[in-house]
Amino acid sequence: MNEGISNMKPADLRGILNYVPRFLGQTFVISLDGAILENENLPNILLDIAVLRSLQINVVIAHGIGKQISELSDERGIEISNADGSGVTDPATLDLAIRASSRASHQILEALTQTGLKCAITNSVRSTPVGVLKGVDFQRTGKADRVDAEFLNHLIAQNIIPIIQPIGFDRNGHTLRINSDLLAIEAAFALKATKTIFVTELEGLRIDGELKRQLSIDDLEAKLDDAESSSFDASALSKATHAHLGVKGGIARIHILDGNVHDGLVREVFSNEGVGTLVYGNEYQQIRQAKRTDVPLIFHLTSGSAEKEELATRTIESIENEIQNFHVYEIDGNLIGCVLISRYDEEPETAEINALVVHSLHQRQGAGSKLVNFACHMAQKEGCNRILALSTQSFSFFESICRFRETDSDSLPASRRENYVQQNRQSKILVKDL
Ligand SMILES: CC(C)(COP(=O)(O)OP(=O)(O)OC[C@H]1O[C@@H](n2cnc3c(N)ncnc32)[C@H](O)[C@@H]1OP(=O)(O)O)[C@@H](O)C(=O)NCCC(=O)NCCS
């Protein structure tokens, strides 16, 4: 690293500006496998974490203890019921897990302190016992019941990196062992993290022998459904199932990173150079075609905006007639937005965005631009080369956020122009080439 710095010219620092805004203020949960904590590359990984912090990315570290617990078991001649926290944890294994965890957290504290970063081991996860599954009592194995995001964010605000151990406490203060992959995902959900990065000893995920650098959630799901995914070994299977769980639950990107690679973390985050496997969600997975049963909710959404003259008035009947051209945006099964994609017989290459609305409680969280991008994507797929939007009050949303440009009524298809003149709403006309 010192060699790297001495080779740098001050002008190279300008290049860093390209990276600064990229993930500013976002939260990444970085999960370090137990084996990685004993890897000689650990100081480099933690240095990469220091780089992320310096770019104002919020970092929370979770860690595993699989390797440490197996070592302790060998050292002490105590048999363990399970190493990775996914099986039964008997009292003897729990005892070793507590010791292994404190050893592992200490290794992180020590190495982070060397990089000049402040950090703290936290008690931020309330746990509940897994209980009895398929007739097997999992004893002291727990799952995350509640992650105290407020506490973790408070530490982050103080410039302290929180460390989460794979050990939790239930409401009565009993200690439970938690699988660290699950813990990282639960923490990412609670913190609304945009990434979870599993730092492992795996090269990445292999499918049918081929190392995948990028994997869509749909492809991963198909593989996991396929014959109990016999092609993944135990460690890869845990990463694959938890990456699936995480992306399905709304974490945009999950990386399974090869912790042996020098500078791997920074390279993967900023260049997607391929230092592991990136599992990514379908960015439109919250959007689906509308059904007849959605008509009352769409009416409710659009009529609210029509009252404020943001949208043209639509009757229940007109929504019913066009329901197949409506798409809706759902969060946790609740419909929070919609868009209507209209087409014109006389101009098949032109589409129009209509009835775009996001419920006021959910605005400014990206749903509106996602609906617009989705409409553009669908129109393009159907062979259109431009898409129109007519707006009275949201034209600057279309211009500045969605990159439409203003045009005049001559660009409207003939039937639309007629209707535009009749309605006399004086909407601005915007267009985007696809
Ligand atoms: C327009 C609308 C769909 C945007 O939805 P959204 O989910 O808030 O949009 P996003 O979160 O993707 O984008 C938010 C950005 O758009 C900007 N924006 C939203 N409405 C805007 C408007 N009317 N004028 C200018 N900018 C607007 C916000 O300021 C925000 O900018 P920021 O990220 O710099 O803070 C939503 O405001 C809405 O439903 N409005 C009422 C109905 C309407 O006017 N529909 C359009 C008619 S065609």
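Numbering of ligands and ligand atoms starts at 1, following listing order.
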Measuring from atom OG of Ser305 to atom CG of Leu311, what distance do you get when rounded to the nearest 0.5 angstrom?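 It is 4.5 Å, given to the nearest 0.5 Å.
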Find the distance between OG1 (Thr128) and NZ (Lys143) and round it off to the nearest 0.5 Å.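 Taking OG1 in Thr128 and NZ in Lys143, the distance rounds to 4.5 Å.
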Expected contact list for ligand 1 at under 4.0 angstrom, heavy-atom basis, is Ser305, Glu310, Leu311, Leu356, Val357, Val358, Gln363, Arg364, Gln365, Gly366, Ala367, Gly368, Ser369, Leu390, Gln393, Ser394, Ser396, Phe397, Phe398, Ile401
Identify the heavy atoms of [X] and [Y] that sit nearest to each other, and give their distance.
X      : Y      : answer
Ala190 : Val147 : CB-CB, 3.6 Å
Ile65  : Ala97  : CD1-O, 3.6 Å
Arg177 : Asp84  : NH2-C, 3.1 Å

Return the orientation label for the His377 and Phe374 ring planes: parallel under 30°, perpendicular over 60°, tilted otherwise. tilted
